[in-house]
Amino acid sequence: MEFLKAPIVILSLTICCVTSAPIKGGYWPSWAQDSFPPSNINTTLFTHVYYAFLSPNPNTFQFDNIEATTASALNSFTTTLHRKNPNIKALFSIGGGSFGTDVFSNMASSAGSRASFIRSTIQVARKYGFDGADLDWEYPQTQTDMDNLGLLLGEWRVAVNQEAKSTGKPRLLLSAATNYMPEITFDEVCDYPVASINSNLDWINAMCYDYYGPWTPDATGPPAALYDPSGDGLSTSDGLQSWISAGIQRQKLVMGLPLYGWTWKLADPSVHGIGAPALGIGPGNDGSLLYSEVQQFNAQNNAKVVYDTSTVSYYSYAGTSWIGYDDVNSIQKKVQYARSLNIGGYFFWTVVGDQGWKISRLASQTWT
Ligand SMILES: *[C@@H]1O[C@H](CO)[C@@H](O)[C@H](O)[C@H]1NC(C)=O
């Protein structure tokens, strides 16, 4: 049998070093249905699109609460995307920032409720034609939550494997939206279950944004900088490097990119750099503007636009209004950075923020 070994080694070396095509993801906010239906999504620019969000019933942990309008939105999401691009993967994202943590924490705390949740996710995926599910638990707050998340992912993977085997259908994809770093501090420092993520998820969407925003009202800041020159670790490079140091398989790490900015009201319009004193939020909906709205604001107010090379971020200001956001140079630099790290890809929150697909197209062309 000795002679068989050499070819096998060569084969496995070949397999190890071929990197798969990057994930080019985008979340679609279902509350934008009327102004931005799924048919508007340019499906040549994305490999994976996420329906945001579905939430389980807080008492049963199952999706037994889907109303007729939601059912029809789910069906139209998957059929529209698959019709436009048969290769695109449609996932439904579960939870989200405003859903909070309690229901997930309760669900993940016992084997019975985890099983109910898992069974229901598979039923929903098949009923509405999804290719997978994405868990958006913001955030596990204790190490017990994190450990239970690790158990959930293991049981979820076993279940989707079994379902694929018994039905002959392609296995459902499993992903999760996570903190930009593999640890997160609430009352205690807690660590994501990286080993379970590696074994059980197809990838994670690291939310590499919101480093500054309305919760830091006293000074302007770059919401999604690539670098943090202060050394405080509030940056996309710090987050991605930390995930890699924590042992995540690089191909399972996907970098978040914001298609929105955060705004501040300057205390003194003549002091307008990064870290300038501020008096809370500026224009926009609770201090946030879509990328396309930032462009509009800048044009209408003849705002001064600055590309800050030390953080790799943009800001603009006009009068007392200050906006931190991403634009062509920072997006291109970040995508090049992610590519050089050999991670799995990138995703946008959200696809409706773009202006004429300018940023989505640039990102896609930067990583072919
Ligand atoms: C979608 O993007 C592709 C690639 O950039 C472009 O050729 C096409 O015109 C776009 N379609 C629409 C409807 O914007």
Side-chain angles (χ1 to χ4, degrees), residues 19-52 72-93 129-132 134 173 175 203 205 208-209 224 226 236 251 254-261 288-300 305 307 312-314 325-340 342-368:
T19 54
S20 44
I23 289 173
K24 301 175 175 181
Y27 283 82
W28 176 75
S30 56
W31 53 96
Q33 172 86 48
D34 294 337
S35 58
F36 200 103
S39 55
N40 281 19
I41 299 172
N42 188 326
T43 53
T44 69
L45 302 173
F46 302 97
T47 60
H48 297 75
V49 184
Y50 307 84
Y51 178 104
S72 130
L74 293 168
N75 275 324
S76 114
F77 180 81
T78 58
T79 51
T80 303
L81 293 178
H82 287 142
R83 187 179 63 235
K84 289 180 76 172
N85 176 358
N87 293 322
I88 213 161
K89 302 300 180 203
L91 293 90
F92 66 102
S93 186
F130 283 95
D131 303 293
D134 174 61
L173 299 167
S175 66
W203 66 88
N205 289 331
C208 299
Y209 36 70
L226 178 55
T236 295
Q251 292 290 306
V254 173
M255 171 185 69
L257 296 167
L259 275 170
Y260 63 93
S288 95
L289 291 174
L290 300 179
Y291 171 75
S292 58
E293 295 171 334
V294 175
Q295 300 306 304
Q296 206 173 34
F297 178 92
N298 290 348
Q300 283 172 358
V305 172
Y307 172 55
V312 182
S313 72
Y314 281 80
Y325 62 103
D326 267 290
D327 210 327
V328 285
N329 286 322
S330 61
I331 292 287
Q332 191 164 38
K333 283 264 170 10
K334 285 187 194 177
V335 173
Q336 286 166 345
Y337 181 85
R339 186 180 189 172
S340 74
N342 195 26
I343 64 171
Y346 62 81
F347 74 91
F348 288 104
W349 176 268
T350 68
V351 297
V352 312
D354 209 346
Q355 187 184 55
W357 301 112
K358 181 169 77 175
I359 299 296
S360 311
R361 184 176 297 121
L362 173 70
S364 183
Q365 287 170 350
T366 303
W367 195 343
T368 51

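Atoms within each ligand, like the ligands themselves, are counted from 1 in listed order. One is the number of the first residue; the rest follow in order along the sequence.
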message: Just to verify, what does Tyr307 make a ring pair (Phe, Tyr, Trp, His ring centres under 6.0 Å) with, not counting sequence neighbours?
response: Tyr314
task: Could you label the plane-to-plane angle of the Trp357 and Phe46 rings as parallel, tilted or perpendicular, counting under 30° as parallel and over 60° as perpendicular?
output: perpendicular
- request: May I ask you to decide whether Asp326 forms a salt bridge with Lys334, counting only side-chain N to carboxylate O separations under 4.0 Å?
  value: yes
message: So, using side chain to side chain contact (heavy atoms under 4.5 Å, CB included) as the criterion, who are the partners of Pro22 when residues are at least two apart?
response: Lys24, Trp367
- prompt: Among all residues two or more places apart in sequence or in another chain, which pass the side chain to side chain contact (heavy atoms under 4.5 Å, CB included) test with Gln295?
  reply: Tyr291, Tyr325, Asp327, Gln355, Lys358
query: Is the closest side-chain heavy-atom distance between Trp349 and Tyr260 below 4.5 Å?
result: yes
task: For ligand 1, list the protein residues that place a heavy atom within a distance below 4.0 Å of one of its atoms, sorted by chain and number.
output: Asn42, Thr44, Leu45, Trp357, Arg361
